[in-house]
Amino acid sequence: MSEAQKTAGRQDAGPSTVTGVDRFFRITERGSTFGREIRGGFATFFTMAYILVLNPLILGSAKDKFGEQLDPVQLTTATALVAAVMTIIMGVGGNLPLALAAGLGLNAVVAFQLAPLMSWDDAMGLIVLEGLLICVLVVTGLREAVMHAIPLPLKQAISVGIGLFIALIGFVDAGFVTRIPDAANTTVPVQLGSTGTLAGWPMLVFCGGVLLTIGLLARKVRGAILVSIVAMTAVALVINALADVRTWGLTTPEWPDRIVDAPDFGLLGQFSLFGAFGQVGVVTVVLLVFTLVLSDFFDTMGTVVGVSAEAGLLDEDGKVPGLGKVLLIDGAAAVAGGAASASSATSYIESAAGVGEGARTGFANLVTGSLFGLALFLTPLLTIVPLQAAAPALVAVGFLMMTQVRHIEWDRYEIAVPAFLTIAVMPFTYSITNGIGAGFLAYVLVKTVLGRAKEVHWLLWGTSALFLVYFAIDPIEQLLGV
């Protein structure tokens with residue numbers, strides 16, 4: 001951190017005595033003040049509070065193998081609880097202004113990749129296993145080996161592909177894009193709206209929400225996504241009260257009888273650690289857990305480094321202070337998310353909003369975590385948000401994740417081809433796992449064809465072999481008579 005920043009921090013702090021809390025969080029030492037930390041904590045909460053709406057939206061709209069759906073109210077409670085507890089733990093244990101909550105992209109994997117293959121308990125059990133594996137990787141020091149095994153362009157392509165996948169989910173959930181029934185005898189798989197045109201008040205809410213979110217993001221308004229959700233929910237409430245709307249889908253925007261209610265902790269502990277093995281087999285479970293670890297682990301690394309750099313906390317070697325603790329807490333957050341049926345919790349890049357307000361320590365997390373704790377008692381208010389008001393946020397997050405495409409070297413075939421397949425296969429097959437597998441296999445193939453097979457890390461060879469079995473599982477089962 002520059003001397004100017006430190007001096008400004010001391011001037012802002014005034015003549016107050018350095019307290020024990022100050023010393024514990026190193027607030028003055030990092031050139032911050034209690035006022036800045038509090039403002040930063042509020043800013044972070046308001047830029048990521050949309051997860052309290054989106055996580056129940058994504059998980060609650062999916063059905064497991066047996067047709068069961070998770071309760072939106074219980075999902076909201078679980079989401080808020082995990083975010084509150086793990087954000088505070090990160091603040092105290094990691095001393096970074098880095099908030100945690102259910103990860104977008106990861107929850108899409110749970111809802112649309114895991115749940116259709118097994119029960120919700122089994123799917124959440126895989127999340128717990130993923131978190132435990134991340135903890136083991138951190139404790140044993142294997143994170144460096146895993147980090148070096150996956151080429152950076154593939155990591156970036158995975159993020160871009162997930163972004164497109166999330167955006168597609170947003171368009172589908174809002175009804176902006178619908179599947180054309182096979183009986184239509186058309187070669188076009190999807191269409192605009194339900195009839196080829198956009199019609200109805202709910203669609204107006206969605207389109208207005210997309211435009212509003214884009215405008216706010218372009219203006220760099222803090223909390224743009226949350227502001228859009230709140231504003232369009234208000235519009236939907238008015239429309240629903242005045243107009244004759246046939247259907248809003250899963251959630252009708254109606255003002256609840258009460259705003260405050262006791263939290264419903266019914267989903268806590270509803271997970272089966274090894275149930276998935278009996279549902280889909282060992283090979284599929286290994287690949288699914290690997291996909292979760294890959295998405296969670298590398299997203300966290302990028303977020304931690306990015307937020308720390310923005311806060312000026314990297315040391316002279318570009319390392320994050322206390323990185324081991326931070327990664328261990330992040331792994332524990334994944335375990336907590338699975339155990340609470342809220343999906344894997346992870347570090348949020350939106351924490352940079354708090355850094356922008358001056359937060360430099362984990363004290364800001366105490367504020368953010370407390371606000372998530374307060375949200376536990378406001379679930380009736382949070383569950384009036386219709387899909388059409390929340391789905392624009394998915395489109396916006398998809399855009400934000402898509403921006404990493406600029407870092408990929410498209411003029412190098414050994415990078416461009418695997419990256420393209422990773423990005424394209426995810427949304428086109430509605431599967432994150434398929435996209436990652438296609439990218440890995442293409443990378444190994446192109447490198448081999450170019451006579452540069454030795455450049456491929458042995459872990460990537462092993463993973464690609466697993467993906468080859470995954471894609472060819474049906475003919476292999478036929479060959480073996482399984």
Side-chain angles (χ1 to χ4, degrees), residues 58-59 61-65 103-118 123 126 150 153-174 176-182 184 186-191 276 279-281 283-296 298-299 343 391 394-395 397-399 401-402 404-405 408 416-446 463-477:
I58 293 173
L59 293 177
S61 63
K63 295 181 180 180
D64 68 7
K65 179 180 179 180
L104 283 172
L106 291 169
N107 55 7
V109 174
V110 175
F112 304 105
Q113 187 74 31
L114 304 187
L117 301 176
M118 59 195 73
L126 287 186
I150 313 302
L154 280 186
K155 300 174 194 173
Q156 295 163 339
I158 290 168
S159 181
V160 173
I162 292 175
L164 286 178
F165 182 52
I166 289 175
L168 177 60
I169 292 171
F171 285 125
V172 171
D173 284 349
F176 187 87
V177 171
T178 60
R179 183 178 181 180
I180 299 176
D182 294 337
T186 176
T187 58
V188 182
V190 294
Q191 65 184 357
Q279 293 290 334
V280 297
V283 174
T284 302
V285 166
V286 169
L287 292 172
L288 290 173
V289 171
F290 175 79
T291 300
L292 294 168
V293 169
L294 188 70
S295 300
D296 198 345
F298 291 117
D299 281 355
S343 181
L394 296 175
V395 178
V397 171
F399 155 71
M401 297 181 75
M402 177 75 184
Q404 291 197 46
V405 74
I408 299 172
V417 172
F420 166 74
L421 288 175
T422 300
I423 295 169
V425 171
M426 281 189 194
F428 290 162
T429 65
Y430 223 61
S431 168
I432 293 173
T433 299
N434 292 348
I436 293 176
F440 280 16
L441 288 170
Y443 181 79
V444 171
L445 174 64
V446 174
T463 305
S464 297
L466 289 175
F467 272 119
L468 187 61
V469 173
Y470 170 79
F471 285 123
I473 193 67
D474 184 64
I476 291 175
E477 287 179 344

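Listed here is the closest heavy atom pair of Ala391 and Ala174: CB-CB, 3.9 Å. What you find for Asp64 and Met118 is that their closest heavy atoms are CB-O, 3.2 Å. The heavy-atom pair separating Ile408 from Ala419 by the smallest distance is CG2-CB, 3.9 Å. For Val110 against Ala123, the heavy-atom pair with the smallest separation is CG1-CB, 4.4 Å. Across all non-hydrogen atoms, the minimal contact from Leu154 to Gly439 is CD2-O, 4.2 Å. Between Ala62 and Ala111 the shortest heavy-atom distance is CB-O, 3.4 Å.
At a threshold of 4.5 Å between non-hydrogen side-chain atoms, the residues Met426 and Ile158 count as touching. Side-chain contact between Val172 and Thr178: absent, with no pair of heavy atoms (C-beta onward) separated by less than 4.5 Å. When side chains are defined from C-beta on, Asn434 counts as touching Phe471, because their heavy atoms get closer than 4.5 Å. Looking at Thr422 and Tyr443, their side chains never come closer than 4.5 Å, going by heavy atoms from C-beta outward. Taking the side chain as every heavy atom from C-beta outward, Ile436 and Val425 never approach each other to under 4.5 Å.
Counting non-hydrogen atoms of neighbouring residues, nucleotides and ligands closer than 6.0 angstrom, the CZ atom of Phe399 reaches no more than 12 such neighbours. Within a 6.0 Å radius of OH in Tyr430, other residues, nucleotides and ligands contribute more than 12 heavy atoms. Phe420 CZ: 12 or fewer foreign heavy atoms inside a 6.0 Å radius.
Between the CG atom in Leu466 and the CZ atom in Phe440 there is a gap of 11.0 Å [rounded to 0.5 Å]. One finds the CG atom of Leu421 at 9.5 Å from the CG atom of Leu441 (value rounded to the nearest 0.5 Å). Atom-to-atom distance recorded for Leu114:CG and Thr284:OG1 is 11.0 Å, nearest 0.5 angstrom. Atom CG of Leu126 sits about 10.5 Å away from atom CD of Gln279, to the nearest 0.5 Å.
Judged by distance alone, with hydrogens and angles left aside, the side-chain atoms of Ser61 form a donor-acceptor pair with the main-chain N or O of Ile58 at under 3.5 Å.
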Using atom types as modelled, flag every donor-acceptor pair under 3.5 Å from a side chain in residues 163-171 to any protein atom, sequence neighbours excluded.
none

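Contacts of Lys63 classified as side-chain hydrogen bond (donor to acceptor under 3.5 Å, both in side chains), with partners at least two apart in sequence or in another chain: none. Residues satisfying the side-chain hydrogen bond (donor to acceptor under 3.5 Å, both in side chains) test with Gln156, not counting sequence neighbours, are none.
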